[in-house]
Amino acid sequence: MIDAFAKGNLHERLRRDRKALLWKLDGLSEYDARRPLTATGTNLLGLVKHVATVEARYFGEVFDRPSPEPLPRWQDYNGSDLWATEDETRDQIIGFYRRTWEHSDATINDLPLDAPGHVPWWPEPYLNTNLFAIMVHVLGETNRHAGHADILREGVDGRTGMRPEHEMQIDEDARTAYCAKIEQAARSASSAKA
């Protein structure tokens, strides 16, 4: 019974965070969805492409259930899953992610939590694992990158929130006052330590 509860809970959270990540693309221009937003080139559409690739590998190759999507060999990793080329459309990348969900969900539904898996890109002694550990790992990856997307989207147009129903109207005056209060506290703390 606890296995069914744990599996169901982890799976539902993964589904929630997948949707949150995709929502961060809503309403953005092609440029804003693709442009580098950090010094290392992190961008919103690239985050979706990366998480789709990660999920395809972990719920595919690890359990000898290869993704039906074409993936480069993990040994040939070159960072190309972190951004969208000019030839890749947003719809293609979102479609890849959604098809990956279907494949991952089938793996999750078909296997017990203790189903053995093998992660050849992990170091010893962690190569051999199970579905429970992979679900926790992929949930962490998805959540981490959805958090990155939260910050990036806020920087693009000020929109925040995890789901559309929780988004609040932007009150620029309230945000400015709030940030000024935080800035003042930082300055006061800094001068008190000097």
Side-chain angles (χ1 to χ4, degrees), residues 1-28 33 42-74 77 81-82 84 88 90-123 125-154 159-167:
M1 183 158 148
I2 190 69
D3 282 0
F5 172 79
K7 186 178 183 181
N9 193 283
L10 291 171
H11 200 178
E12 188 54 41
R13 289 179 178 272
L14 178 60
R15 288 181 181 117
R16 177 199 67 191
D17 292 346
R18 289 168 174 163
K19 291 176 187 172
L21 179 58
L22 276 188
W23 179 57
K24 295 302 172 178
L25 295 174
D26 282 1
L28 287 179
T42 305
N43 61 91
L44 289 160
L45 192 55
L47 285 173
V48 172
K49 184 179 175 184
H50 173 69
V51 171
T53 303
V54 165
E55 188 169 322
R57 288 203 190 288
Y58 279 101
F59 289 117
E61 294 171 48
V62 167
F63 296 100
D64 199 23
R65 298 167 63 100
S67 171
E69 298 292 319
L71 296 172
R73 292 175 345 126
W74 65 266
Y77 180 78
D81 68 325
L82 296 169
E88 293 175 303
R90 182 189 320 211
D91 287 343
Q92 286 171 326
I93 291 172
I94 290 171
F96 165 47
Y97 194 25
R98 290 186 185 279
R99 288 186 305 277
T100 295
W101 296 358
E102 291 173 14
H103 185 260
S104 299
D105 289 349
T107 297
I108 292 167
N109 290 332
D110 291 350
L111 300 178
L113 280 179
D114 63 351
H118 180 77
V119 188
W121 53 89
W122 283 3
Y126 308 105
L127 292 157
N128 295 311
T129 188
N130 60 34
L131 181 63
F132 176 78
I134 294 302
M135 288 183 76
V136 170
H137 180 79
V138 173
L139 177 61
E141 283 285 316
T142 305
N143 189 272
R144 177 176 183 240
H145 293 308
H148 293 148
D150 285 341
I151 298 295
L152 295 178
R153 182 63 190 255
E154 183 178 347
R159 288 181 68 182
T160 62
M162 202 170 147
R163 293 185 295 279
E165 63 269 21
H166 294 292
E167 186 175 19

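If you're wondering where the values come from, they're calculated on a predicted model, not measured in any experiment.
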Report all side-chain donor-acceptor pairs from residues 45-53 shorter than 3.5 Å, counting only partners two or more places apart or in another chain.
| from | atom 1 | to | atom 2 | distance (Å) |
| --- | --- | --- | --- | --- |
| Lys49 | NZ | Ser80 | O | 3.0 |
| Lys49 | NZ | Trp83 | O | 2.9 |
| Lys49 | NZ | Glu88 | OE1 | 2.8 |
| Lys49 | NZ | Glu88 | OE2 | 3.0 |
| His50 | ND1 | Asp81 | OD2 | 2.7 |
| Thr53 | OG1 | Lys49 | O | 2.9 |

Can you name the salt bridge (Lys or Arg N to Asp or Glu O under 4.0 Å) partners of Arg18, sequence neighbours left out?
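Testing Arg18 for salt bridge (Lys or Arg N to Asp or Glu O under 4.0 Å), a comparison that skips the adjacent residues, returns Glu55, Asp105.
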
Residues in salt bridge (Lys or Arg N to Asp or Glu O under 4.0 Å) with Arg16, at least two apart?
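With neighbours one apart ignored, the set is empty.
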
Which residues satisfy the side-chain hydrogen bond (donor to acceptor under 3.5 Å, both in side chains) test with His103, sequence neighbours excluded?
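Scan of His103 (side-chain hydrogen bond (donor to acceptor under 3.5 Å, both in side chains), adjacent residues dropped) gives none.
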
Listed by chain and number, what are the side-chain hydrogen bond (donor to acceptor under 3.5 Å, both in side chains) partners of Trp74, not counting sequence neighbours?
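Once residues adjacent in sequence are excluded, Trp74 has no partner under the side-chain hydrogen bond (donor to acceptor under 3.5 Å, both in side chains) criterion.
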
For [X], ring pair (Phe, Tyr, Trp, His ring centres under 6.0 Å) partners two or more places apart:
| X | value |
| --- | --- |
| His11 | none |
| Tyr58 | Trp121, Trp122, His137 |
| Trp23 | none |

How would you list all residue pairs meeting salt bridge (charged side-chain N to carboxylate O under 4.0 Å, His left out) that involve [range], not counting sequence neighbours?
| range | answer |
| --- | --- |
| residues 134-152 | Lys24-Asp150 |
| residues 94-103 | Glu69-Arg99 |
| residues 109-121 | Arg65-Asp110 |

What closest approach, in Å, do Ala149 and Leu21 show between heavy atoms, and which atom pair accounts for it?
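Heavy-atom minimum between the residues: CB-CD1, 3.7 Å.
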
For a 4.5 angstrom cut-off between non-hydrogen side-chain atoms, does Leu152 reach Asn43?
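No, their side chains stay 4.5 Å or more apart.
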
Asp64 atom CG, neighbour heavy-atom count above 12 within 6.0 Å:
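Result for CG/Asp64: open.
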
Is atom CZ of Arg13 surrounded by more than 12 heavy atoms (other residues, nucleotides or ligands) closer than 6.0 Å?
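Open.
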
Kindly indicate, with the supporting measurements, whether the criterion side chain to side chain contact (heavy atoms under 4.5 Å, CB included) is fulfilled by Leu28 and Arg153.
CA-CA 9 Å; Leu28 287 179; Arg153 182 63 190 255; 3.4 Å; yes

Verify side chain to side chain contact (heavy atoms under 4.5 Å, CB included) between Leu71 and Phe96, making sure each step is shown before the conclusion.
CA-CA 11 Å; Leu71 296 172; Phe96 165 47; 3.9 Å; yes

Is it true that a side-chain atom of Arg90 and a backbone atom of Leu25 form a donor plus acceptor pair closer than 3.5 Å?
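Answer holds: yes.
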
In terms of ring plane angle, is the pair His148 and His145 parallel, tilted or perpendicular, where the classes change at 30° and 60°?
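His148 and His145: tilted rings.
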
Exercise answer: donor-acceptor pairs, residues 127-135 side-chain atoms, under 3.5 Å, sequence neighbours excluded:
| from | atom 1 | to | atom 2 | distance (Å) |
| --- | --- | --- | --- | --- |
| Asn128 | OD1 | His118 | ND1 | 2.8 |
| Asn130 | OD1 | Phe132 | N | 3.2 |
| Asn130 | OD1 | Ala133 | N | 2.9 |

For Val62 and Thr107, what are the C-alpha separation, side-chain angles and deciding distance, and is it a side chain to side chain contact (heavy atoms under 4.5 Å, CB included)?
CA-CA 10 Å; Val62 167; Thr107 297; over 6 Å; no

Please report the interatomic distance CD1(Ile108) to CG(Leu113), rounded to the nearest 0.5 Å.
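Ile108 CD1 to Leu113 CG: 9.5 Å, rounded to 0.5 Å.
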
